[in-house]
Every structure is written in C-alpha cells, then in structure tokens.
Amino acid sequence: MEWPTTTHEGVAIQEQLRGRVIVADEDFPLRTVAGVDAGFEQDGTVARAAVVVLSFPDLAPVAHALARSPALFPYIPGFLSFREAPAILEALAMLDIPPDLLICDGQGIAHPRRLGIASHLGVLTGIPAIGCAKALLIGRHDLVPDERGGRAALIHRGEQIGYVLRTRPGVKPVYVSPGHRVSLDRAANLVMSCITRYRLPETTRYAHNLASHGTIPQPRKRP
DNA sequence: GCGACAG
DNA sequence: ATCTTGTCGC
C-alpha cells in the first residue's frame, strides 16, 4: 500500500476512497469491539499504535496488539489518517482474529471529504468502523442536552454527518460519526454501549492507555 | 482575504 | 499528540 507525501496526493486518495465508504446499518456479527489509538515518540517521528479487543457487550479485554513504526506524514487537520493509519494497520495485522468493529479516536465521515480516519481504516480493512473524536473538526450543531445519551445532529453542507453525544452529564460531548458499514444512529448507540463510568468509551480508554503507558488497566472493582 | 482546524 | 504540578470540584 502506498502512502501520500503531500496534501495534494492525500486529497486525491481521499476523494478516491470516499466512494467506497458505506454509511448504512449493515448486518454483521458483533461479538468483539476494538479500540484503536496512536501515540508518538522521538519528537513525533515514531508512531506507536495500539489495538485492544474487548468482548461485546461485556467490554472485557480479550486481545491486544502494539506496533511501532516511523511516522512519515505530519499532523495536518484533515489528513490525520496518513500519519496514524500505517501503524494502526500493522497493529491490526498482528491480531490472530480480526475484531467485528473498530472504534477509532478521530472522525469518521465528519470530515471535509468524508474520509476521516475511521472511514479510511474501515474501507482499507473492510471492518465496520465508527469515529469517536474528542473535538470538532467540521460541522455545526445545536446545544446538547446535559444528560447521559443526550445528542444533537452534526451538520455540514446541509447534510447530517454525525452526532455530538453527551456520554455523561456534566462532561464535554464527543463527536461520533459513521466510519464504515454503520448508520448515523447505530454509530451513536454503539458508542453509548461502550460507555461505563467515564466520558470516553472503554475501547478508546484501553487503546489510549496501551499506546501511551504500554499497559492495560484493570477493570474497576465493583462495590 | 479572514478564521477554523481530529490527533 | 507531547511537555508537566498543583489544584478545583463532586
């Protein structure tokens, strides 16, 4: 697989792959959900990608993989996948069995050319994917109800591209959008299914911890 | 031309 | 993303 060197080449690849993105509620087995994330070392020249597979809907870790590889593309809003996807694909390839669903730390179709990292990874792997970002890239939305599950449609150029979702009362919302093979509503509902007692889904939390601390935290002891 | 701008 | 201590609030 070839990766771009310039944003110009990047745009061409994104416009080419966007035609393969499927935004619809497809039928697929859902026994495992994977969180994917990336971290960096050496002044951002080396990427560390982590994938943690959880059973669904139990959300118990069942497998994981960690990959390190040189980061060849700089971080430029709108081109995140060219910086992180190479390492993430390596980590995914290390798994014995591919997960049924990917929840990525970034946007899905809520992207200028409708190909955020979740959609990009979804198309390249064929695995259903969802984008769950901590911040807005594009789009506008109304106020989000301050209650668990509260949501507001994310709109861009007159079309809905995702949901701004309040996973817990009193916290900043997350930006959820379909990556591949899932609908707008199912994307938001699935993210909520991965929420326990924190702002971010367990998938993202596990992957982030593995990528940055190299560890998989233990589930909280239930009172 | 002036802002906005995932991680 | 990453560099870093204490601090505010439930």
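Scope of the values below: all heavy atoms of this structure, side chains included, with no hydrogens, waters or symmetry mates. Residue numbering restarts at 1 for every chain, and letters A, B, ... go by the order of the sequence lines.
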Using a 4.0 Å heavy-atom cut-off across all strands, classify F40(A) as base, sugar-phosphate, or nothing.
sugar-phosphate
Specify the separation, in whole Å, of atom CZ of R83(A) and atom P of dC5(B).
20 Å
Partner residues of E41(A) under the side-chain contact (heavy atoms from CB on, under 4.5 Å) criterion, sequence neighbours left out:
V46(A), R48(A), R68(A)
May I ask you to verify if any side-chain N or O of Y75(A) is less than 4.0 angstrom from the OP1 or OP2 atom of dA6(B)?
yes
When the distance from CG of L137(A) to P of dC5(B) is rounded to whole Å, what number comes out?
9 Å
Dot-bracket for DNA chain C, 5' to 3', Watson-Crick and G-U pairs with both distances under 3.5 Å, [ ] for crossing pairs, | for partner on another strand, reads ..........
Starting from C1' on dT2(C), measure out to CG on D37(A) and report it in whole angstrom.
13 Å
Taking all heavy atoms of I127(A) and all of P98(A), pick out the closest pair and write down the distance.
CD1-CB, 4.3 Å
Kindly give the heavy-atom pair with the smallest separation between L184(A) and G162(A), and that separation in Å.
CD2-N, 3.4 Å
Provide the full list of salt bridge (charged side-chain N to carboxylate O under 4.0 Å, His left out) pairs with a residue in residues 69-97 of chain A, sequence neighbours left out, each pair given once.
none
What is the distance from CD1 of I117(A) to P of dA1(C), rounded to the nearest Å?
12 Å
Measure from CG on L121(A) to P on dA6(B) and round the result to the nearest Å.
18 Å
Looking only at heavy atoms, what is the nearest atom pair of H64(A) and L210(A), with distance?
CB-CD2, 4.0 Å
Tell me which pairs pass salt bridge (charged side-chain N to carboxylate O under 4.0 Å, His left out) where either residue lies in residues 10-32 of chain A, with sequence neighbours left out.
D25(A)-R186(A), E26(A)-R181(A)
F73(A) CZ to dA1(C) P, in whole Å, measures 19 Å
Round to a whole Å and report the spacing from NE2 of H120(A) to C1' of dA6(B).
15 Å
Students often get this wrong, so: under 4.0 angstrom with heavy atoms, is G116(A) touching a base, only sugar-phosphate, or nothing?
base
For the atom pair CE (M192(A)) and CG (L190(A)), what is the distance rounded to the nearest 0.5 Å?
11.5 Å
K134(A) side-chain N/O to dG7(B) phosphate OP1/OP2 under 4.0 Å
yes
With a non-hydrogen cut-off below 4.0 angstrom, is G78(A) in contact with a base, only sugar-phosphate, or nothing?
base
Taking every non-hydrogen atom, the tightest pair across T7(A) and F79(A):
O-CE2, 3.6 Å
Select base, sugar-phosphate, or nothing to describe what Q107(A) touches, counting heavy atoms under 4.0 Å on all strands.
base
side-chain hydrogen bond (donor to acceptor under 3.5 Å, both in side chains) between D37(A) and Y206(A), worked out:
CA-CA 9 Å; D37(A) 189 29; Y206(A) 274 109; over 6 Å; no
Applying a 3.5 angstrom cut-off to the pairing atoms, does DNA chain B sit in any stems of at least three consecutive Watson-Crick or G-U pairs? List them by first number.
none
Under a 4.0 Å heavy-atom cutoff, the residues of residues 144-173 of chain A touching DNA chain B are none
Phosphate contact (dC5(B) OP1 or OP2) by H111(A) side-chain N/O below 4.0 Å:
no
Do the non-hydrogen side-chain atoms of W3(A) and I13(A) ever get within less than 4.5 Å of each other?
no
Would you classify L136(A) as touching base, sugar-phosphate or nothing, given that sugar-phosphate means primed atoms plus P, OP1 and OP2, and contacts are heavy atoms under 4.0 Å?
sugar-phosphate
NA contact type, F79(A), heavy-atom cut-off 4.0 Å: base, sugar-phosphate, or nothing?
base
What is the distance, rounded to the nearest whole Å, between atom CD1 of I76(A) and atom P of dA1(C)?
18 Å
Mind checking if R140(A) touches a base, just sugar-phosphate, or nothing, with heavy atoms under 4.0 Å?
nothing
Could you measure the distance from the CD1 atom of I161(A) to the CG atom of L137(A)? Nearest 0.5 Å is fine.
8.0 Å
Give D43(A) one of three labels, base, sugar-phosphate or nothing, depending on what nucleic acid heavy atoms sit under 4.0 Å from its own.
nothing
Report the relative orientation of the aromatic rings in F73(A) and F82(A); use parallel for angles under 30°, tilted for 30 to 60°, perpendicular for over 60°.
tilted
Around R140(A), counting heavy atoms of other residues, nucleotides and ligands shown, do more than 12 lie under 6.0 Å from its CZ?
no
